[in-house]
Amino acid sequence: METLLESFVRSPKLVLYNRHVRALLSDERRRRKQFYDDITEQQKAEFINGEIIVHSPVKLEHEFASNNLNVLLKTYVMLHKIGYVGHEKMMISLTRNDYEPDVCFWSSKKSVKFKPKQMKFPAPDFIAEVLSPATRDIDRTVKLEDYEAHGVKEYWIIDPDKQIIEQYINEKQTFELHQKFVTSGILQSVVIEGFEIEISDLFV
């Protein structure tokens, strides 16, 4: 089956498409620079496909899952000195978009290069996003595609309402569902060797 890119390449309108895309990306770069200039440490905001997404306050079930995973993972990583864990306000800057994941992890190989005043960070090895009504679609589509394309090795999608965790593993730049847990069970990370949790610990 012909891919979308292949159909563009074969089209006689390719040059016109190229002009349109170049103009769109140029305007997007301008807006992205403005986003960097305007964003403050007090805000939780992301730049996604040219749009600024400002996040509203979260429900207790969201905060409970996000914070508990952060505490458990950070404690494990610090104890074993294997990298760095970020929580909610770490800006991940990819080729087109900027995200602030709920929880993320970089191996020591990457995190040893971080600087004290650094504000933008490369793709982590592990990311966990906690779903909310406003972010549910983005977490499952744009972010999933972007994370897999930029080499995030493991991605957890946590649904605090239905008490479900989906574990995706990146195989050749494609996320494959590795395991899905509902309400209870022991979830073992593939990327963070030795780290495991009882998933009920993340739900109110």
Side-chain angles (χ1 to χ4, degrees), residues 29 32-33 35-36 39 41 43-49 53 55 63 65-131 135 138-158 165-181 185-199 201-202:
R29 284 192 293 270
R32 194 178 190 185
K33 182 180 182 303
F35 169 71
Y36 292 152
I39 191 69
E41 293 184 9
Q43 292 175 295
K44 181 174 173 61
E46 300 177 311
F47 188 86
I48 304 176
N49 293 348
I53 310 297
H55 294 280
E63 164 62 16
S66 175
N67 189 56
N68 280 16
L69 177 58
N70 174 58
V71 170
L72 292 169
L73 182 56
K74 189 182 292 286
T75 300
Y76 181 86
V77 168
M78 291 181 66
L79 180 64
H80 293 86
K81 300 179 181 179
I82 56 175
Y84 188 83
V85 176
H87 184 227
E88 292 191 353
K89 294 297 293 173
M90 301 283 286
M91 181 171 285
I92 310 307
S93 186
L94 305 182
T95 50
R96 184 181 181 187
N97 298 320
D98 300 282
Y99 306 106
E100 292 188 340
D102 290 304
V103 181
C104 49
F105 162 82
W106 294 266
S107 65
S108 296
K109 183 179 180 180
K110 293 182 179 180
S111 62
V112 72
K113 300 175 184 177
F114 293 172
K115 306 299 182 184
K117 298 188 183 300
Q118 186 170 336
M119 294 184 68
K120 294 186 289 183
F121 298 86
D125 298 287
F126 166 96
I127 289 178
E129 294 282 12
V130 181
L131 300 181
T135 67
I138 292 175
D139 290 342
R140 290 192 175 281
T141 56
V142 176
K143 286 188 177 182
L144 187 146
E145 182 180 357
D146 220 355
Y147 292 163
E148 70 180 7
H150 288 85
V152 175
K153 299 175 183 177
E154 184 171 355
Y155 182 34
W156 291 7
I157 295 179
I158 302 171
I165 300 181
E166 298 169 29
Q167 179 189 33
Y168 293 87
I169 304 301
N170 198 334
E171 299 286 350
K172 299 179 181 179
Q173 292 192 324
T174 300
F175 276 128
E176 300 289 347
L177 180 60
H178 185 63
Q179 293 187 94
K180 181 176 181 178
F181 291 87
I186 302 295
L187 175 52
Q188 297 178 325
S189 171
V190 171
V191 170
I192 308 166
E193 186 176 356
F195 178 70
E196 62 180 34
I197 60 166
E198 166 54 63
I199 70 165
D201 291 340
L202 302 188

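All figures in this text were calculated on a predicted structure; none of them were measured in a lab. All residue numbers in this chain count up from 1 along the given sequence.
Ring geometry, Trp106 versus Phe121: the interplanar angle falls from 30° to 60°, so the pair is classed tilted.
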Side-chain donor-acceptor pairs of residues 67-75 under 3.5 Å, sequence neighbours excluded:
{"from": "Asn68", "atom 1": "ND2", "to": "Asp201", "atom 2": "O", "distance (Å)": "2.9"}
{"from": "Lys74", "atom 1": "NZ", "to": "Val85", "atom 2": "O", "distance (Å)": "3.0"}
{"from": "Thr75", "atom 1": "OG1", "to": "Val71", "atom 2": "O", "distance (Å)": "2.7"}

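For the salt bridge (charged side-chain N to carboxylate O under 4.0 Å, His left out) condition, the pairs that include at least one residue of residues 166-181, sequence neighbours left out, are Arg140-Glu166. Sorted by first and then second residue, the salt bridge (charged side-chain N to carboxylate O under 4.0 Å, His left out) pairs with a member in residues 103-117 read Lys110-Asp125; sequence neighbours excluded.
Applying the salt bridge (Lys or Arg N to Asp or Glu O under 4.0 Å) rule to Asp102 yields no partners; only residues at least two apart in sequence or on another chain are considered. Applying the side chain to side chain donor-acceptor pair (under 3.5 Å) rule to His150 yields the partners Thr95, Asp146; only residues at least two apart in sequence or on another chain are considered. In this view, Phe181 satisfies the ring-ring contact (aromatic ring centres under 6.0 Å, His included) rule with no residue, not counting sequence neighbours. Applying the side chain to side chain donor-acceptor pair (under 3.5 Å) rule to Ser189 yields the partners Glu154; only residues at least two apart in sequence or on another chain are considered. Residues that satisfy the side-chain contact (heavy atoms from CB on, under 4.5 Å) test with Ile39, not counting sequence neighbours, are Phe35, Gln43, Ala45. For Tyr76, the side-chain contact (heavy atoms from CB on, under 4.5 Å) partners at least two apart in sequence or on another chain are His80, Ile82, Ile192, Phe195. For Glu148, there are no side chain to side chain donor-acceptor pair (under 3.5 Å) partners two or more places apart in sequence or in a different chain. For the side chain to side chain donor-acceptor pair (under 3.5 Å) test, no residue two or more places apart in sequence or in another chain qualifies with Glu145. For the ring-ring contact (aromatic ring centres under 6.0 Å, His included) test, no residue two or more places apart in sequence or in another chain qualifies with Tyr168.
When atom types are taken as modelled, the side chain of Asn170 and the backbone of Val152 share a donor-acceptor pair closer than 3.5 angstrom.
Taking both residues in full, the closest heavy atoms of Ser93 and Tyr36 are given as OG-OH, 3.4 Å, listed atom of the first, atom of the second, then distance.
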